[in-house]
Amino acid sequence: MELGLLDYFSDDAREVVALAREDARSLNHNYVGTEHLLLGLLRNGRKPAANALAASGVDIEAARRRVEETAGARAPVELAPLTPRAKKVLELSVQGAPLSGQKQVEPGHILLQIVRDKESTAFGVLANLGIDLEQLELGASDLVAH
């Protein structure tokens with residue numbers, strides 16, 4: 001990922017990306033996809049986006065198992081690249097921040113883009129967990145509106 005993109009991220013949003021990279025590495029994946037961004041959001045602690053996911057019924061261990069089932073194992077690399085879809089989610093988050101009146105990307109922006117990308121692996125993981133995605137999108141929209 002271009003370092004310039006992270007210039008628009010808050011510390012919490014940067015932490016989400018760092019956690020996503022850790023998850024990809026721990027799962028032996030040689031890429032960082034939307035599913036890893038989802039895990040990063042969940043591991044971001046008691047932050048609004050993590051709370052919105054938990055309130056929607058997303059359990060981090062169940063999500064991690066789904067990611068393992070969906071993606072399978074690959075050979076890890078030290079600094080795995082973002083998939084084109086994950087990069088697009090982050091770019092759209094950068095574009096969305098000013099539209100919501102914020103100067104920096106927050107984890108809620110990333111979550112909102114994940115639930116809007118119906119073709120992403122993360123969306124599929126959430127759908128397979130039985131999450132009400134329309135309700136989660138509304139919750140994510142509320143997060144970025146404040």
Side-chain angles (χ1 to χ4, degrees), residues 1-27 29-72 77 79-146:
M1 178 168 70
E2 299 97 22
L3 293 177
L5 192 60
L6 285 179
D7 290 342
Y8 299 99
F9 283 53
S10 69
D11 289 342
D12 286 340
R14 287 179 192 183
E15 180 180 347
V16 167
V17 175
L19 291 169
R21 287 192 184 284
E22 284 178 17
D23 282 315
R25 194 173 312 117
S26 73
L27 291 167
H29 295 161
N30 60 359
Y31 64 93
V32 178
T34 59
E35 63 272 31
H36 303 107
L37 293 174
L38 173 63
L39 294 176
L41 285 166
L42 286 163
R43 288 184 50 212
N44 194 230
R46 295 183 174 98
K47 307 290 184 190
N51 292 339
L53 285 161
S56 293
V58 181
D59 173 73
I60 189 167
E61 292 307 317
R64 188 174 174 84
R65 281 191 301 276
R66 292 286 185 187
V67 169
E68 286 178 287
E69 292 167 8
T70 302
V77 294
L79 187 59
L82 290 167
T83 63
R85 191 168 297 279
K87 186 174 180 181
K88 186 69 171 176
V89 162
L90 296 179
E91 289 170 345
L92 289 171
S93 297
V94 169
Q95 293 172 11
L99 298 174
S100 64
Q102 297 178 353
K103 294 181 181 181
Q104 290 186 310
V105 172
E106 296 293 341
H109 293 103
I110 299 169
L111 176 58
L112 183 60
Q113 294 308 320
I114 283 174
V115 296
R116 286 182 172 169
D117 186 355
K118 294 173 178 41
E119 300 298 317
S120 74
T121 302
F123 186 92
V125 166
L126 292 168
N128 286 330
L129 291 172
I131 304 304
D132 182 341
L133 292 160
E134 289 180 19
Q135 189 64 34
L136 183 55
E137 184 176 355
L138 289 172
S141 294
D142 285 345
L143 289 178
V144 301
H146 299 104

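For the single chain, residues carry numbers from 1 onward in sequence order.
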Checklist entry - Quick one: do Glu68 and Arg65 make a salt bridge, cutoff under 4.0 Å? => result no
Checklist entry - If you take all heavy atoms of Glu35 and Thr121, which pair is closest and at what distance? => result OE1-CB, 3.3 Å
Next on the checklist: For a salt bridge (Lys or Arg N to Asp or Glu O under 4.0 Å) check, start with the C-alpha distance between Arg116 and Glu137, then their side-chain angles and the critical distance, and finish with the verdict.
Outcome noted: CA-CA 7 Å; Arg116 286 182 172 169; Glu137 184 176 355; 3.2 Å; yes
Next on the checklist: Quick check against the 3.5 Å criterion: does Ser10 have a side-chain atom that pairs as donor or acceptor with the backbone of Val105?
Outcome noted: yes
Checklist entry - Are there more than 12 heavy atoms of other residues, nucleotides or ligands under 6.0 Å from atom CZ of Phe123? => result yes
Next on the checklist: Return the CG to CD distance between Asp59 and Glu61, rounded to the nearest 0.5 Å.
Outcome noted: 6.5 Å
Item to check | Contact check, side chains of Asp11 and Glu15, non-hydrogen atoms, under 4.5 Å | outcome: no
Item to check | Nearest heavy atoms of Arg43 and Ile60, plus distance in Å | outcome: CG-CD1, 3.1 Å
Item to check | Asp117 and Lys88 ion-paired at < 4.0 Å | outcome: no
Item to check | Closest non-hydrogen atom pair between His109 and Ser93, with its separation | outcome: O-OG, 3.4 Å
Item to check | Reported CD-to-OH distance for the pair Gln95 and Tyr8, which is rounded to 0.5 angstrom | outcome: 11.0 Å
Checklist outcome for this item: Taken to the nearest 0.5 Å, the spacing of Leu38 CG from Arg64 CZ works out to 12.0 Å
Checklist entry - Any idea which heavy atoms bring Asp12 and Glu106 closest together, and the distance? => result CB-OE1, 4.4 Å
Item to check | Donor-acceptor pair, side chain of Arg21 and main chain of Ala80, under 3.5 angstrom | outcome: yes
Checklist entry - Do you know the tightest heavy-atom contact between Asp23 and His36? => result C-CD2, 4.1 Å
Show the atom names and distances, to 0.1 Å, of all donor-acceptor pairs under 3.5 Å that link a side chain in residues 48-58 to residues at least two apart or in another chain.
from	atom 1	to	atom 2	distance (Å)
Asn51	ND2	Lys47	O	3.3
Ser56	OG	Ala52	O	3.0

Item to check | Separation of Leu112 CG from Leu92 CG (nearest 0.5 Å) | outcome: 10.0 Å
Next on the checklist: As a quick check of understanding, evaluate side-chain contact (heavy atoms from CB on, under 4.5 Å) for Ile110 and Leu90, giving each step before the final call.
Outcome noted: CA-CA 6 Å; Ile110 299 169; Leu90 296 179; 4.0 Å; yes
Item to check | Under 3.5 Å: donor-acceptor pair, side chain of Arg14, backbone of Phe9 | outcome: yes
Item to check | Side chain Asn44, main chain Gly40, donor-acceptor under 3.5 Å | outcome: no
Next on the checklist: If I compare all heavy atoms of Val32 with all of Ala86, which pair ends up nearest, and what's the gap?
Outcome noted: O-CB, 3.5 Å
Next on the checklist: Evaluate Ile114 against Leu37 for side-chain contact (heavy atoms from CB on, under 4.5 Å), listing each step before the verdict.
Outcome noted: CA-CA 8 Å; Ile114 283 174; Leu37 293 174; 3.9 Å; yes
Next on the checklist: I'd like to check Leu111 versus Leu136 (side-chain heavy atoms, cut-off strictly below 4.5 Å). Are they in contact?
Outcome noted: yes
Checklist entry - With distance as the sole test, does Thr34 use its side chain to make a donor-acceptor pair with the main-chain N or O of Ala122 at under 3.5 Å? => result yes
Checklist entry - What distance separates Ser120 OG from Leu126 CG, expressed to the nearest 0.5 Å? => result 8.0 Å
Item to check | Steps toward salt bridge (Lys or Arg N to Asp or Glu O under 4.0 Å) verdict (Arg25, Glu22) | outcome: CA-CA 5 Å; Arg25 194 173 312 117; Glu22 284 178 17; 6.0 Å; no
